[in-house]
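Some notes on the structure that comes next.
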Amino acid sequence: MSKKRFVNVGTGGRCEMFIDAITGAYKDSAELVGLCDINMGRAELRQRQLKEKGIEVPIYHSDKFDQMVDEQKPDSVIVTTKDCFHHKYICRAMELGCDAITEKPMTIDQDKCQQIVDTINKTGKDLRVTFNYRYSPSHTQVKRLLRDGVIGKILSVDFAWNLDVHHGADYYRRWHRHKANSGGLLVHKATHHFDLLNWWICSSPETVVALGRRAFYIPETADRLGLNKRTERCRTCPHRQDGSCNFALDLSSSKDLKELYLDQEHHDGYFRDRCVFSPDIDIEDSMNLVVRYVSGVHMSYCLNSFLPWEGFRVMFNGTSGRLEYQGLESPYISGDGTVPGERIEEKSHIHVYPQFADPYNIELETGSGGHGGGDTRLLDDVLGERREDPLNHAAGVAEGCWSILTGVSANISMAGGGQPVYTPGLVSGIPEANFGEVPQ
Ligand SMILES: NC(=O)c1ccc[n+]([C@@H]2O[C@H](COP(=O)([O-])OP(=O)(O)OC[C@H]3O[C@@H](n4cnc5c(N)ncnc54)[C@H](O)[C@@H]3O)[C@@H](O)[C@H]2O)c1
């Protein structure tokens with residue numbers, strides 16, 4: 001059997017999961033034939049790391065992307081750049097005859113989303129969006145319970161996601177802190193949550209109303225904490241040096257952070273440790289939404305990124321009961337070498353409250369590894385042999401679109417002071433989504 005050929009564009013923190021899998025567990029069926037980045041220092045680091053394992057992979061600057069595809073003839077391009085460039089590489093890969101696999105969010109606004117949809121409709125190429133959260137065993141379990149009608153037909157949902165002062169704060173240090181790069185957290189992060197919700201209730205957003213603001217990661221908070229001598233970044237900040245700032249990040253404290261970011265910043269000026277209280281941040285940290293779905297379900301959702309614990313609470317209200325699902329995740333800093341978002345099992349649960357009967361607990365199905373055990377199962381689905389998928393885990397362009405369009409609508413709503421936005425009017429030609437059997 002010939003091996004499937006992959007190239008990767010965007011050689012930062014996230015690409016490691018794909019590179020390790022292709023050159024490790026899936027090496028008999030997959031081959032990494034090129035790496036590409038705008039920062040050649042980071043690409044060279046990845047090349048060196050592979051060479052130490054005896055694997056030779058050519059590297060290309062991002063302005064040589066076409067040349068890489070021409071020379072290496074990949075079947076599929078894996079896109080792990082910063083979010084605002086996903087559409088560029090997805091579309092170009094397809095125009096050059098490749099399929100694409102993209103990290104979430106598929107893209108950050110309706111115009112880029114339209115470009116992706118148009119390119120797929122024109123080229124007929126395939127896009128996979130890697131929603132690892134769907135593959136976390138307990139998220140899958142909730143999908144199955146709802147599909148099997150444990151609470152009847154779902155009428156409404158309360159959904160709250162907390163980001164903590166480790167992982168949550170990290171978004172304000174990096175490129176994510178600007179909407180032009182990430183679409184803000186309602187796109188960059190909540191694409192996971194809105195995708196889960198679409199998949200759980202088997203529907204897509206119809207109308208979105210949102211309010212949001214940045215209320216914590218602001219200069220006034222730092223002043224209140226007595227952090228009055230702050231500089232542009234932690235590296236030069238006296239509050240990191242004297243230990244007075246709980247939000248300080250020392251890039252030289254971790255081998256991974258140092259090699260990946262600190263040692264490469266002279267190539268492009270990407271500082272990974274900017275002050276989380278900078279006035280020039282333009283993303284929100286507190287967001288509230290009301291969403292009506294095409295199926296008639298109503299959802300209230302909130303996202304806050306400055307909290308003492310990280311995880312979620314989601315409550316489904318159905319015609320015959322209520323299901324409450326809570327998950328706590330381990331604190332981490334993206335790219336520091338630790339496992340991201342491990343589930344804290346003893347603080348996670350599923351409770352079912354039937355109407356007119358006693359409530360009961362359902363034992364949580366668990367998995368180990370990144371993102372509640374979702375990363376490993378996702379990789380198996382994307383890189384392994386095709387298997388039966390009765391719960392429709394695999395997400396393509398349609399699911400990628402609907403996962404971002406709730407957040408994109410929310411951004412429009414917030415910019416207009418909270419006016420309702422009709423989501424299906426934003427992008428045309430989206431293929432039919434396949435969320436599976438509707439819970440009855
Ligand atoms: N599914 C998940 O759980 C998960 C987790 C982490 C990150 N991600 C996603 O992975 C992507 C990468 O995130 P990350 O944490 O690795 O960020 P990162 O900053 O570590 O890496 C981004 C890389 O993209 C490169 N890049 C930037 N602009 C480019 C361009 N124009 N052309 C080519 N390369 C360019 C940067 O130099 C860098 O190497 C993001 O889209 C993020 O949302 C997903």
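Keep in mind that what you see is a predicted model, and the values were worked out from it rather than measured. Order of listing sets the numbers, starting from 1, for every ligand and every atom in it.
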More than 12 foreign heavy atoms under 6.0 Å from [atom1] of [X]: is that the case here?
X    : atom1 : result
E437 : CD    : no
E363 : CD    : no
K73  : NZ    : yes

Which ligand 1 atoms does [X] reach within 4.0 Å, using its non-hydrogen atoms?
X    : answer
H192 : 1 (N), 2 (C), 3 (O)
R174 : 15 (O)
T11  : 39 (O)
H86  : 41 (O)
G13  : 16 (O), 20 (O)
Y261 : 18 (P), 20 (O)
N39  : 37 (O)
R42  : 36 (C), 37 (O), 38 (C), 39 (O)

If you measure from each non-hydrogen atom of [X] to ligand 1, which part falls under 4.0 Å: side chain, backbone, both or neither?
X    : result
R272 : neither
N132 : side chain
E103 : side chain
Y133 : neither
Y270 : side chain

*How are the rings of W161 and Y133 set to each other: parallel, tilted or perpendicular (split at 30° and 60°)?*
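Plane angle between 30° and 60°, so tilted.
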
*Parallel, tilted or perpendicular: rings of W200 and F159 (30°, 60°)*: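 Tilted: the ring planes of F159 and W200 meet at 30° to 60°.
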
*State if Q264 counts as touching ligand 1 under the rule of any non-hydrogen atom under 4.0 Å.*
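Outside the 4.0 Å threshold, so no.
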
*asked:* Quick check on F131 - does any of its heavy atoms sit under 4.0 Å from an atom of ligand 1?
replied: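 For ligand 1, residue contact (heavy atoms, under 4.0 Å) with F131 is absent.
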
*Hey, does K88 come in under 3.5 Å of ligand 1, counting only N/O atoms on both sides?*
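By distance alone, the answer is no.
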
*Would you say ligand 1 has an N or O under 3.5 Å from any N or O of G12?*
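By distance alone, the answer is yes.
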
*side chain to side chain contact (heavy atoms under 4.5 Å, CB included) between S428 and Q114, intermediate numbers included*: CA-CA 7 Å; S428 61; Q114 187 69 63; 3.5 Å; yes

Which residue holds the protein heavy atom closest to [atom], what is that atom called, and what is the gap in Å?
atom                    : value
atom 31 (N) of ligand 1 : F85 CD1, 3.3 Å
atom 41 (O) of ligand 1 : D83 OD1, 2.5 Å
atom 22 (C) of ligand 1 : T80 O, 3.9 Å
atom 43 (O) of ligand 1 : K104 O, 2.9 Å
atom 24 (O) of ligand 1 : T81 CA, 3.4 Å
atom 32 (N) of ligand 1 : Y89 OH, 2.7 Å
atom 34 (N) of ligand 1 : I38 N, 3.4 Å
atom 4 (C) of ligand 1  : R14 NE, 3.3 Å

*Is it true that E324 and R313 make a salt bridge, defined as a side-chain N closer than 4.0 Å to a carboxylate O?*
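Result for this pair is no, no salt bridge flagged.
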
*When the aromatic ring centroids of F65 and Y60 are compared, is their separation below 6.0 Å?*
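No.
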
*Do Y301 and F194 make the cut of ring centroids closer than 6.0 angstrom?*
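They qualify: ring centres under 6.0 Å apart.
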
Between the side chain of [X] and the main-chain N/O of [Y], is any donor-acceptor distance below 3.5 Å?
X    : Y    : value
R214 : E284 : no
D273 : R235 : yes
N39  : R42  : yes

*Judged by modelled atom types alone, do H139 and Y325 share a side-chain donor-acceptor pair under 3.5 Å?*
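Indeed, the side chains of H139 and Y325 share at least one donor-acceptor pair under 3.5 Å.
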
_Audit row: F435, E399, side chain to side chain contact (heavy atoms under 4.5 Å, CB included) steps and yes/no_ = CA-CA 8 Å; F435 295 119; E399 295 78 16; 3.8 Å; yes

_The test is salt bridge (charged side-chain N to carboxylate O under 4.0 Å, His left out); show your working for D83 and K104 and say whether it passes._
CA-CA 8 Å; D83 306 345; K104 50 53 58 173; 5.7 Å; no

